[in-house]
Undergrad: 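Below is the structure I would like to discuss, written out as C-alpha cells.
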2 protein chains.
Amino acid sequence: MAESTKQPGGTSRNAPSNGAKGRLISRGDSPAGQPDTRTRLLEAAGPVFAAHGFDGATVREICAAAEVNVAAVGYHFGDKLGLYREVIRGIRDHRERRFPTPNNDAADPRRSLYRIVRTLLSRMLACDESGWETQLLMREMNHPTPVFESMVREFFRPQFERLVEVLRELTQADLPAHRLQQLALSVVGQCLYYRMGSGVVQVLIPHSELRAHFDIDSLSRHITSVMLAATEGGTASSQYDQLDPDQINW
Amino acid sequence: MAESTKQPGGTSRNAPSNGAKGRLISRGDSPAGQPDTRTRLLEAAGPVFAAHGFDGATVREICAAAEVNVAAVGYHFGDKLGLYREVIRGIRDHRERRFPTPNNDAADPRRSLYRIVRTLLSRMLACDESGWETQLLMREMNHPTPVFESMVREFFRPQFERLVEVLRELTQADLPAHRLQQLALSVVGQCLYYRMGSGVVQVLIPHSELRAHFDIDSLSRHITSVMLAATEGGTASSQYDQLDPDQINW
DNA sequence: GGCCGTTTAAAACAATTGTTTGAATCGCGG
DNA sequence: CCGCGATTCAAACAATTGTTTTAAACGGCC
C-alpha cells in the first residue's frame with residue numbers, strides 16, 4: 001500500500017500540503033467567480049453541521065450544498081472530523097471579530113455589566129449569517145466533544161472571570177468567591193436561555209408580545225436590572241441569609 | 001400482500017393488540033423473574049435515547065441492552081419511532097409523580113417562589129434513575145420534534161403561568177404582562193443553566209467549590225434571593241427605567 | 001397429547017453511511 | 001505541443017442502519 005503519487009500528504013489523514021499549489025491564487029476566491037473548493041466546503045459545512053450535528057450531518061449533503069464531489073472532503077481535510085475541526089476553528093475566530101468582548105468601564109461597573117449582558121445576548125440571538133455558529137456551539141455544549149473543552153477554557157473562561165470581577169465591584173460587601181460565581185452563572189444562564197429555550201419561549205409567549213418586548217434591547221435591560229437589584233444595596237448577602245430552612249419550609 | 005395471520009395489528013404499523021394476550025400476566029413482571037419483553041425494551045430504550053438522541057440511538061444497541069432480539073421492537077411498537085413515543089409518554093407520566101408540582105402558599109408568595117425554584121432545580125439536577133429523563137428532555141428542547149411542542153403546552157405552560165402569578169404577587173407595583181414573563185423566564189433560565197451548561201460549569205468552577213456550594217440547597221437559595229431582590233421593594237420597575245440608553249451608552 | 005395463536009429468534013434485505021479508488025481533467029512550465 | 005503534478009470526478013467499497021421475513025419455540029385450551 002505504498003502511497004504512490006496521487007495525493008499530497010498521504011492517503012491516510014493529511015490535507016494537501018497547501019504551501020505549493022498548482023494555481024497561484026493562494027486560498028480564497030477565484031478571480032473568475034466561485035470561491036475555492038476548500039472554502040466552498042467550509043462555508044457549506046457550517047450550517048449543515050449546525051442543523052444536524054456532527055453525526056447527523058452527512059458528507060453527501062455538505063458536498064451537495066457546496067456543489068462539490070464527495071471525495072473533496074477526503075482530499076482537502078482528510079476525513080469528516082478534519083472538516084469539522086476546521087469549521088469549529090473558523091467559528092472561534094469569526095465571533096471574536098464579529099462581537100468583540102467589551103472593555104471594562106472603570107468609571108461605572110454597572111455599565112460594564114450592561115455591556116457584557118448585551119454582548120452575550122447579541123451573540124446568542126444573532127440571526128444573521130452567524131446564526132448557525134451559535135446553533136453549533138449550543139450543540140457542542142449539550143453533547144461535548146474533545147473540541148469543546150478547550151473552547152470553554154480559551155473562549156468562555158476569560159469572559160466569565162471578567163464577569164466575576166465586575167460583579168465583585170458591584171457588590172460592596174466582600175462576598176466569598178462562590179457567591180460571585182453563582183451570580184455570574186445567573187447572568188449567563190438568563191442570557192443563554194433565550195437561545196437554548198427559544199422553542200419553549202416561542203410557545204409560552206404570545207407572538208405579539210415576543211416581537212415587541214423580547215428583543216435584545218429589552219432583554220439586556222431586564223437582565224441587567226435583575227442583577228443590579230441582586231447586587232446593589234448589600235441585599236445580596238442579607239437576602240441570601242434570610243432564606244434559612246426554618247423560615248421557609250414545607 | 002395480504003397481512004396473513006402472523007402479527008396482530010398488521011405488519012405495517014401497529015403494535016400487537018394488547019387487549020388479548022396469550023399469557024394472563026397483563027403487562028409487567030413475569031412471576032418467574034425478568035420483566036416482560038415489552039417493558040424490558042421500554043426501560044432499556046430510555047437511557048439509550050437520552051445518550052445518543054433519537055437518530056443516534058440504534059435499535060440494535062437498545063435491544064442488546066434489553067437482551068432482546070432486534071425484531072422485538074418491530075413487533076411490539078411497530079417501528080423505532082413508536083418505541084420513542086412510548087418512552088416520551090412514560091417520562092411525562094413519571095416526572096409528575098416523582099417531583100409533584102408544589103402547591104401555592106397563599107400566605108407567603110416568597111415561599112411559593114422558593115418551592116417552584118427548588119422543584120425546578122431538583123428536576124434538572126436529579127441524578128437518580130430519572131437522570132436520563134432530563135437528559136432526553138434537554139435533547140428535545142434543543143432539537144424539537146412534533147412530540148415536544150405538545151409537551152411544552154401540557155407540561156411547561158401550567159408551571160410557567162403559576163410562576164407568573166407568584167411573581168405578580170411579589171411585585172406590588174402593577175407590572176405589565178411582559179415584565180412578569182421576563183422575570184419568569186429569568187427564573188427558568190437560571191435553573192436550567194445548571195443542567196444545560198453543566199459541562200461548562202464543571203470546567204469553569206473548581207471541583208471543590210462545586211461540590212460544596214453548588215448543590216440544590218445552595219442554588220435554590222441563591223436563585224430565590226436574586227429574584228426576590230429583583231421583585232421586592234418596587235425596585236423591579238425603577239431599576240428597569242433607570243437603564244435608559246442615555247445613561248448607559250458606549 | 002395435539003392444535004393454534006402469541007411471541008421470539010436468526011438471517012436477510014434495501015438503503016445509507018464515510019471513505020477509497022483509479023481514471024479523467026485542469027493549468028502551468030518546459 | 002507535451003509532460004506532470006494538483007485537483008476533480010464517477011464509481012465502488014465495506015460497514016452500519018432500520019426493517020422485514022421466515023421459521024422455531026412457547027403456552028394455554030380442547
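Just so it is clear, the values below take in all heavy atoms, side chains as well, and ignore hydrogens, waters and symmetry mates. So you know, we letter chains A, B, ... as the sequences are listed, proteins then strands, and number each from 1.
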Undergrad: Hey, is the side chain of A:H76 poking within less than 4.0 Å of OP1 or OP2 on D:dT8, counting only N and O atoms?
TA: yes
Undergrad: Could you state the atom-to-atom distance from CG of B:L41 to P of C:dT8 in whole Å?
TA: 9 Å
Undergrad: First locate atom CZ of A:R162, then atom CD1 of A:I116, and finally report the distance between them rounded to the nearest 0.5 Å.
TA: 6.0 Å
Undergrad: Let me confirm one number: the CD-CZ distance from B:Q135 to B:R195, rounded to the nearest 0.5 Å.
TA: 6.0 Å
Undergrad: Determine whether A:L120 and A:I223 satisfy the following criterion, side-chain contact (heavy atoms from CB on, under 4.5 Å), listing intermediate values before the conclusion.
TA: CA-CA 11 Å; A:L120 267 175; A:I223 296 174; over 6 Å; no
Undergrad: Can you measure A:Y84 atom OH to C:dT17 atom C1' for me and round it to whole angstrom units?
TA: 18 Å
Undergrad: Heavy atoms from C-beta onward define the side chain here; which of D:dG18, D:dT8, C:dT8 lies closest to that of A:Y75?
TA: D:dT8
Undergrad: For B:L83 and D:dG18, what is the distance between atoms CG and P respectively, to the nearest whole Å?
TA: 11 Å
Undergrad: In the structure I gave you, are the side-chain heavy atoms of B:L83 and B:H76 within less than 4.5 Å of one another anywhere?
TA: no
Undergrad: Nearest-Å distance, CZ (A:F77) to P (C:dT19)?
TA: 13 Å
Undergrad: To the nearest angstrom, how far is B:K80 atom NZ from D:dT20 atom P?
TA: 14 Å
Undergrad: If each of B:F54 and A:A72 is mapped to the nucleotide of DNA chain D with the nearest heavy atom, which maps nearer the 5' terminus, i.e. the 5' end?
TA: A:A72
Undergrad: Provide, to the nearest angstrom, the distance between the NE2 atom belonging to A:H52 and the C1' atom belonging to C:dT17.
TA: 15 Å
Undergrad: Could you pull out the protein-nucleic contacts involving nucleotides 11-14 of chain D (nitrogen or oxygen on both sides, under 3.5 Å)?
TA:
residue	atom	partner	partner atom	Å
D:dA12	N6	A:R60	NH2	3.3

Undergrad: How long is the gap from CD on B:Q190 to CG on B:L219, to the nearest 0.5 Å?
TA: 10.0 Å
Undergrad: Does CZ belonging to A:R89 count more than 12 external heavy atoms closer than 6.0 Å?
TA: no
Undergrad: For B:L81 and D:dT17, what is the distance between atoms CG and P respectively, to the nearest whole Å?
TA: 18 Å
Undergrad: Quick one: is C:dT16 close enough that its OP1 or OP2 comes under 4.0 Å of any side-chain N or O from A:T58?
TA: no
Undergrad: In whole angstrom, give the distance that lies between atom CD of B:E67 and atom C1' of C:dT7.
TA: 17 Å
Undergrad: Hey, is the main chain of B:A72 close enough, under 3.5 Å, to the side chain of B:N69 for a donor-acceptor pair?
TA: no
